[in-house]
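Presented below is the structure to which this report refers.
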Amino acid sequence: MILARTFYRRAAPLVARDLLGCLIVSRRGRTVTAGLIVETEAYLGPDDAASHAAFRPGSHPLFYGDGGFAYVFPAYGLHVCLNAIVEPAGRPGCVLLRAVEPVTGVATMARRRGVPADSRRIASGPGNLCRALGVTLAHNGSDLTRGALTIGPRPAGGELRVSCGRRVGITRAVNRRLRFWITDNAYVSKL
DNA sequence: TAGCTGATTGACT
DNA sequence: GTCAATCAGCTAA
């Protein structure tokens with residue numbers, strides 16, 4: 001099961017919230033790694049000073065493109081961050097994936113990260129998440145509805161308790177409450 | 001061409 | 001709490 005593109009053609013905060021609990025799947029050759037999304041942040045258009053759409057023109061082709069594609073960018077030269085582009089073509093917006101709870105290929109993710117397999121920090125944080133799932137800049141612009149990197153709907157389960165608050169790790173527009181996470185989940189990057 | 005910045009992380013005081 | 005690693009893309013000249 002894979003989320004349809006229509007899922008992504010909505011406002012960023014809505015998609016960010018609905019992505020919580022969904023399953024992101026990464027395939028590298030025969031190796032499959034997957035995890036439940038437990039923490040996201042929404043980024044808007046030029047009005048949102050923290051959004052790359054506002055200060056990174058190079059991101060515009062993807063930001064203003066159709067939803068359901070991956071936007072991967074390098075941060076501080078060392079790390080990469082994974083986003084899902086949202087909103088229909090012509091409208092900017094994306095959702096940053098900040099943390100996942102490992103489900104499949106846990107040993108592989110732990111090895112990529114160099115931490116014990118039972119660590120809660122395997123994929124907590126945008127940079128760690130990408131390393132654990134093997135996401136690189138080569139995934140930039142790839143289609144999230146097919147291919148090596150896909151996101152599936154939330155596995156059947158009970159109620160999901162969601163918290164929201166200020167975004168973290170940014171230096172602009174900090175006050176917007178556009179960060180969403182699963183309440184009390186041990187794998188979120190920050191409390 | 002040189003200098004600066006950042007949606008980070010991990011190591012260290 | 002501080003700090004360095006490291007780079008694409010922007011800005012100023």
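Throughout, protein chains are lettered first and strands after them, A, B, ... in sequence-line order, and every chain is numbered starting at 1.
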*Consecutive-pair stems (3 or more, Watson-Crick or G-U, under 3.5 Å) for DNA chain B*: B:1-6 with C:7-12, B:8-12 with C:1-5
*Look up atom CD1 in A:Ile37 and atom CD1 in A:Ile151, then write down how far apart they are to the nearest 0.5 Å.*
4.5 Å
*May I ask you to decide if A:Arg121's main-chain N or O and A:Arg113's side chain share a donor-acceptor pair within less than 3.5 Å?*
yes
*In whole angstroms, how far is the P atom of B:dA7 from the CZ atom of A:Arg56?*
10 Å
*May I ask you to decide if A:Cys164's main-chain N or O and A:Arg177's side chain share a donor-acceptor pair within less than 3.5 Å?*
yes
Nucleotide N/O to protein N/O under 3.5 Å, stretch nucleotides 8-11 of chain B:
residue: B:dT8; atom: OP2; partner: A:Gly169; partner atom: O; Å: 2.1
residue: B:dT8; atom: O2; partner: A:His79; partner atom: NE2; Å: 2.9
residue: B:dT9; atom: OP1; partner: A:Pro126; partner atom: N; Å: 3.1
residue: B:dT9; atom: OP1; partner: A:Gly127; partner atom: N; Å: 3.0
residue: B:dT9; atom: O4'; partner: A:His79; partner atom: NE2; Å: 3.3
residue: B:dG10; atom: OP1; partner: A:Arg113; partner atom: NH1; Å: 3.0
residue: B:dG10; atom: OP1; partner: A:Arg113; partner atom: NH2; Å: 3.3
residue: B:dG10; atom: OP2; partner: A:Arg121; partner atom: NH2; Å: 2.6

_Test: A:Arg167 cationic atom under 6.0 Å from A:Tyr43 six-membered ring centre, within 45° of axis_ = yes
*asked:* Between P on B:dA7 and CD on A:Glu41, what's the gap in Å once rounded to a whole number?
replied: 10 Å
*Do the side-chain N and O atoms of A:Thr183 and A:Ser163 include a donor-acceptor pair separated by under 3.5 angstrom?*
yes
*What is the nucleic acid contact for A:Cys94, judged by heavy atoms within less than 4.0 Å: base, sugar-phosphate only, or nothing?*
base
*B:dA7 and C:dG1, which share atom name C1', separated by this distance in whole Å*: 22 Å
_Distance check, P atoms only: C:dA13 and B:dT5, in whole angstrom units._
15 Å
*Nearest 0.5 Å please: distance from the OH atom of A:Tyr71 over to the NE2 atom of A:His52.*
5.0 Å
_Taking 4.0 Å as the cut-off, does a side-chain nitrogen or oxygen of A:Thr171 come that near to OP1 or OP2 on B:dA7?_
yes
*Once you round it to whole Å, what is the distance between C1' of B:dA7 and CD1 of A:Ile85?*
13 Å
*Separation of the P atoms in B:dT13 and C:dA5, to the nearest angstrom*: 15 Å
*For B:dC12 and C:dT6, measure between their P atoms and round to the nearest Å.*
16 Å
*Exam field: side chain A:Arg161 to backbone A:Asp184, donor-acceptor pair closer than 3.5 Å*: no
*Closest nucleotide of DNA chain C for A:Gly77 versus for A:Gly58: which of these residues is on the 5' side?*
A:Gly77
*Write down the distance separating the C1' atoms in C:dG9 and B:dT9, rounded off to the nearest Å.*
22 Å
*asked:* Rounded to whole Å, how long is the line connecting atom CG of A:Asn140 with atom C1' of C:dA8?
replied: 12 Å
*Would you say A:Asn83's side chain and A:Ile85's backbone share a donor-acceptor pair under 3.5 angstrom?*
no
*Does any N or O in the side chain of A:Arg5 come within less than 3.5 Å of the main-chain N or O of A:Thr145, such that one atom is a donor and the other an acceptor?*
no
*Does A:Phe73 lie flat on the base of B:dA7, that is, centres under 5.5 Å apart and planes under 30° off?*
no
*Expressed in angstrom and rounded to an integer, what is the separation of A:His52 atom NE2 from B:dG6 atom P?*
10 Å
